[in-house]
Colleague: 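The structure that follows is given in the form of structure tokens.
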Amino acid sequence: MNKKTKKICVKGPASLKGKVNVGGSKNAVLPILAATLISDEESIIRNVPDMTDITVMIAMLRVLGKTVERNGSVVTVRKSDGLTGEAPYRLVRKLRASVLVMGGLAARKKNIRVALPGGCAIGTRPIDIHLKGFKKMGADIKVSKGFVNLNSSGLRSAVINLDYPSVGATENLAIAASRTEGETVLENIAREPEVEEMLAFLEAMGVEIEPSSRSVKIRGRKEFRPVDFTVMDDRIQAGTYLIAGALKGSKVEIDFSHPHVLEALIHKLEESGADVDVDGNKIRVCGPSRPMPSEIRTAPYPGFPTDLQAPFCAYLARTKGVSVVSEEVFENRFLHCAELMRMGADLEVKGESVIVTGVKNLTGAPVKACDLRGGAALIIAALSAKGLTEITGISHIERGYDNIVHILRSLGADIREEEEVNGESLNND
Ligand code: EPZ
């Protein structure tokens with residue numbers, strides 16, 4: 001049987017020049033879509049990016065009983081008949097973030113079943129912190145046959161201290177608390193901008209939210225306001241293009257709604273010798289011919305984002321010296337390293353760190369994306385490498401980057417997407 005595969009082909013090195021408009025934030029839209037489950041009013045969400053993760057979450061809302069219309073970058077969620085109480089494995093395994101429907105379902109229904117997402121390339125991705133929070137709110141939890149069963153006579157408000165500032169657990173529990181009578185306090189919460197954006201959406205729905213430095217008070221309700229909400233631009237896409245714009249000979253301007261949220265990355269880019277200028281909603285970057293080495297430790301916001309660790313590794317591959325990149329958030333987020341080494345990078349993974357000994361040049365090679373941000377790292381490396389790089393496994397990249405080939409072509413990169421059947425290319429430009 002014919003096997004069609006897609007790949008991204010890049011002829012490097014590229015000197016990128018021009019402007020990038022970044023689309024809406026995937027990691028803000030996903031919890032916001034999940035939050036619509038608590039309300040029967042109409043929710044209009046604008047600046048929604050075109051990515052497979054969003055498509056899967058929309059499918060999940062429809063399976064659960066919501067009416068969802070998508071018109072370009074605008075998604076409208078309306079009430080339909082009653083909500084079902086089961087989030088099927090066939091969708092949850094495609095999108096781990098669909099466990100975020102748990103909060104809204106548990107706040108409205110006494111018995112729900114949500115498939116366990118299972119692990120993924122970057123780690124086992126447990127949801128124990130989510131479940132401990134729901135237990136504190138009165139849910140009886142049983143895990144069986146790959147499903148989490150939450151039963152309660154109705155959730156109750158509680159004071160919940162998260163063992164770790166988990167983004168997903170913060171979002172799941174905030175959604176549940178928003179439709180639970182009384183005041184729930186979440187402590188040691190994640191403060192990622194995408195979490196703040198979801199809290200702003202809940203507030204627009206009429207939920208009383210009182211944030212403080214590491215906690216939030218939420219007064220739940222049963223009636224909500226219709227909402228028309230425009231989501232912030234995607235911080236990780238913006239960061240990825242900033243790193244690409246810091247490659248040798250490149251000069252790029254990113255139009256991005258919240259430049260301050262990229263402070264940790266901007267600081268590291270400047271430390272490596274790149275020039276970065278923040279001017280209102282524009283960030284201009286131009287790279288050194290070879291970056292200076294750097295020391296990176298990923299951390300919850302406002303620390304260096306784990307989602308930019310792999311793209312930054314690719315950037316550091318050509319430094320004049322030795323860098324150390326430590327991944328403190330996920331347990332297995334170095335899958336890109338073996339692929340970068342096929343392109344001539346000199347990397348040594350040691351426990352939770354990778355030692356990056358800079359080389360003068362990378363060379364193009366066939367490589368494969370193993371996860372979303374690792375795939376972006378391969379594109380960054382391909383743009384700076386000499387020769388042709390062919391990247392397979394690009395469905396990973398399409399989960400979190402909107403039109404990346406088109407955007408990089410508009411900046412002057414020699415990059416295209418090719419289809420091949422049983423290894424033979426279908427594109428003959
Ligand atoms: C969100 O994942 C993002 N995904 C991730 O982006 C991002 O890398 C991550 O936050 C950290 O910023 C979305 O927002 C859809 P966590 P999430 O719960 O919520 C452990 C991308 O590339 N943990 O903060 O799953 C967990 O295993 C994706 O766009 C528990 O142990 O992240 C991990 O080691 C990848 N128990 C750490 O905490 C739990 O109950 C951070 O996880 C929950 C988490």
Side-chain angles (χ1 to χ4, degrees), residues 23-35 49 51-54 56-57 60 92 94-103 114 116-136 141 143 148 160-175 186 188-198 231-232 234-240 261 264-265 298-312 326-336 352 369-377 396-402:
S25 166
K26 162 178 90 81
N27 289 352
V29 168
L30 290 171
I32 284 172
L33 285 172
M51 295 169 184
T52 44
D53 274 12
I54 305 293
V56 177
M57 182 60 96
M60 176 63 85
V92 175
K94 281 186 188 166
L95 174 66
R96 308 181 27 74
S98 36
V99 291
L100 293 175
V101 302
M102 207 179 273
V114 176
L116 269 171
C120 72
I122 63 177
T124 52
R125 310 290 295 273
I127 58 168
D128 56 311
I129 301 172
H130 303 234
L131 300 181
K132 264 172 91 171
F134 288 121
K135 262 193 199 130
K136 279 301 281 276
I141 292 171
V143 176
V148 180
I160 302 166
N161 189 306
L162 275 62
D163 295 343
Y164 175 91
S166 151
V167 169
T170 304
E171 292 165 342
N172 228 340
L173 295 167
I175 292 169
L186 303 180
N188 190 31
I189 60 170
R191 299 313 302 254
E192 269 67 5
E194 297 78 20
V195 176
E196 305 291 335
E197 195 76 343
M198 185 208 67
V231 176
M232 69 183 281
D234 191 304
R235 168 173 67 113
I236 305 304
Q237 286 192 77
T240 305
V261 303
L265 170 68
T298 65
Y301 190 83
F304 191 93
T306 172
D307 293 347
L308 290 173
Q309 177 261 108
F312 206 78
S326 299
E327 173 53 59
E328 312 269 336
V329 177
F330 286 103
E331 70 259 35
N332 183 31
R333 209 169 192 176
F334 290 134
L335 294 174
H336 50 285
E352 63 184 26
C370 306
D371 62 83
L372 165 54
R373 307 302 175 183
H396 290 290
I397 301 170
E398 289 164 346
R399 285 188 44 227
Y401 288 90
D402 206 353

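One-based numbering, in listed order, for ligands and for the atoms of each. All of these numbers come straight from a predicted model, not from anything done at the bench.
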Colleague: What protein heavy atom is closest to atom 26 (C) of ligand 1, reported as residue, atom name and distance in Å?
Modeller: F330 CE2, 4.2 Å
Colleague: Among V148, I127, L173, whose side-chain contact (heavy atoms from CB on, under 4.5 Å) with F134 holds?
Modeller: L173
Colleague: Considering only protein heavy atoms, which is closest to atom 2 (O) of ligand 1, and at what distance to one decimal place?
Modeller: R125 NH2, 3.6 Å
Colleague: Within the protein, is there a heavy atom lying under 4.0 Å from atom 20 (C) of ligand 1?
Modeller: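 Under the 4.0 Å cut-off, atom 20 (C) of ligand 1 has no protein heavy-atom neighbours at all.
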Colleague: With a cutoff of 4.0 Å, is Q309 in contact with ligand 1, counting heavy atoms of the residue only?
Modeller: no
Colleague: Among protein heavy atoms, which lies nearest atom 16 (P) of ligand 1, and at what distance?
Modeller: V167 N, 3.7 Å
Colleague: Going by heavy atoms in the side chains, are F312 and L265 under 4.5 Å from each other?
Modeller: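 With C-beta onward as the side chain, the pair touches.
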Colleague: Starting from atom 27 (O) of ligand 1, locate the nearest protein heavy atom and write down its residue, its atom name and how far away it is, to 0.1 Å.
Modeller: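 Scanning the protein heavy atoms, the shortest distance from atom 27 (O) of ligand 1 goes to P126 CD, 3.4 Å.
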Colleague: If we ignore angles and hydrogens, is there a donor and acceptor under 3.5 Å between the side chains of E327 and T306?
Modeller: yes
Colleague: What part of Y301 sits under 4.0 Å from ligand 1 if we count only heavy atoms: the side chain, the backbone, both or neither?
Modeller: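 None of Y301 does.
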Colleague: Side chains of Y301 and R235: is there a donor and an acceptor less than 3.5 Å apart?
Modeller: no
Colleague: Using a heavy-atom cut-off of under 4.0 Å, does the side chain or the backbone of S166 touch ligand 1, or both, or neither?
Modeller: both
Colleague: If we only count heavy atoms from C-beta on, is the L308 to I236 side-chain gap below 4.5 Å?
Modeller: yes
Colleague: Going by atom types only, do D371 and H396 share a side-chain donor-acceptor pair under 3.5 Å?
Modeller: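 On atom types as modelled, these side chains do not qualify, holding no pair under 3.5 Å.
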Colleague: Among all the protein's non-hydrogen atoms, which is closest to atom 15 (C) of ligand 1, and how far away is it?
Modeller: N27 OD1, 3.4 Å
Colleague: Side chain, backbone, both or neither: which part of I129 has a heavy atom under 4.0 Å from ligand 1?
Modeller: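 Near ligand 1, I129 shows its backbone as well as its side chain.
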Colleague: Number the atoms of ligand 1 from 1 as they appear, then name those within less than 4.0 Å of a heavy atom of Y164, with their elements.
Modeller: 37 (C), 38 (O), 41 (C)
Colleague: If you measure every N or O of D128 against every N or O of ligand 1, does any of those distances drop under 3.5 Å?
Modeller: yes
Colleague: Taking atom types as modelled, is there a side-chain donor on T298 or Q309 under 3.5 Å from an acceptor on the other?
Modeller: no
Colleague: Could you see which bit of E171 sits under 4.0 Å from ligand 1, with heavy atoms only: side chain, backbone, both or neither?
Modeller: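 The answer is neither.
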Colleague: Can you sort out which atoms of ligand 1 are near I127, meaning under 4.0 Å from one of its heavy atoms?
Modeller: 39 (C), 40 (O)
Colleague: Please determine whether a side-chain nitrogen of the Lys or Arg among D234 and K26 lies less than 4.0 Å from a carboxylate oxygen of the Asp or Glu.
Modeller: no
Colleague: Which atoms from ligand 1 have a heavy atom of A97 less than 4.0 Å away?
Modeller: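 Checking each atom against A97, I get 15 (C).
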Colleague: Of all the non-hydrogen atoms in the protein, which one sits nearest to atom 37 (C) of ligand 1, and at what distance?
Modeller: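 Ranking protein heavy atoms by distance from atom 37 (C) of ligand 1, first comes V329 O, 3.6 Å.
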Colleague: Do M57 and L95 have side-chain heavy atoms sitting under 4.5 Å apart?
Modeller: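 Answer yes - side chains close enough.
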Colleague: Of the backbone atoms (N, CA, C, O) and the side-chain heavy atoms from C-beta on, which set of H130 has a member under 4.0 Å from an atom of ligand 1: side chain, backbone, both, or neither?
Modeller: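 Within the 4.0 Å criterion, H130 contacts ligand 1 through backbone and side-chain atoms alike.
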Colleague: So if I count the atoms of ligand 1 from 1 in the order they appear, which ones are less than 4.0 Å from some heavy atom of K26?
Modeller: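 Here the atoms of ligand 1 in question are 21 (C), 29 (O).
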Colleague: Any side-chain heavy-atom pair from E352 and E328 closer than 4.5 angstrom?
Modeller: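 The answer is yes, as the side chains (C-beta and beyond) meet within the 4.5 Å cut-off.
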Colleague: For atom 35 (C) of ligand 1, grab the closest protein heavy atom and report residue, atom and distance to one decimal in Å.
Modeller: R333 NH2, 3.6 Å
Colleague: Which atoms of ligand 1 are found less than 4.0 Å from any heavy atom of G168?
Modeller: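 It comes down to these atoms of ligand 1: 18 (O), 19 (O).
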Colleague: Test of understanding: given a 4.0 Å heavy-atom threshold, classify the contact between M57 and ligand 1 as side chain, backbone, both, or neither.
Modeller: neither
Colleague: Of the backbone atoms (N, CA, C, O) and the side-chain heavy atoms from C-beta on, which set of D307 has a member under 4.0 Å from an atom of ligand 1: side chain, backbone, both, or neither?
Modeller: side chain
Colleague: Please confirm whether E194 comes under 4.0 Å of ligand 1, counting heavy atoms of the residue only.
Modeller: no
Colleague: Side chains of S25 and E197: does their closest heavy-atom pair fall under 4.5 Å?
Modeller: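 No, their side chains stay 4.5 Å or more apart.
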Colleague: Any non-hydrogen side-chain atom of L131 less than 4.5 Å from a side-chain atom of M102?
Modeller: yes
Colleague: Just wondering, do V92 and P117 contact through their side chains at under 4.5 Å, heavy atoms?
Modeller: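 Sidechains of V92 and P117: in contact.
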Colleague: Do N27 and D307 have side chains that get closer than 4.5 Å, going by heavy atoms?
Modeller: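 Yes, at least one pair of side-chain atoms sits under 4.5 Å.
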Colleague: Which residue and non-hydrogen atom of the protein lie closest to atom 11 (C) of ligand 1, and at what distance in Å?
Modeller: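 That would be T306 CG2, 3.8 Å.
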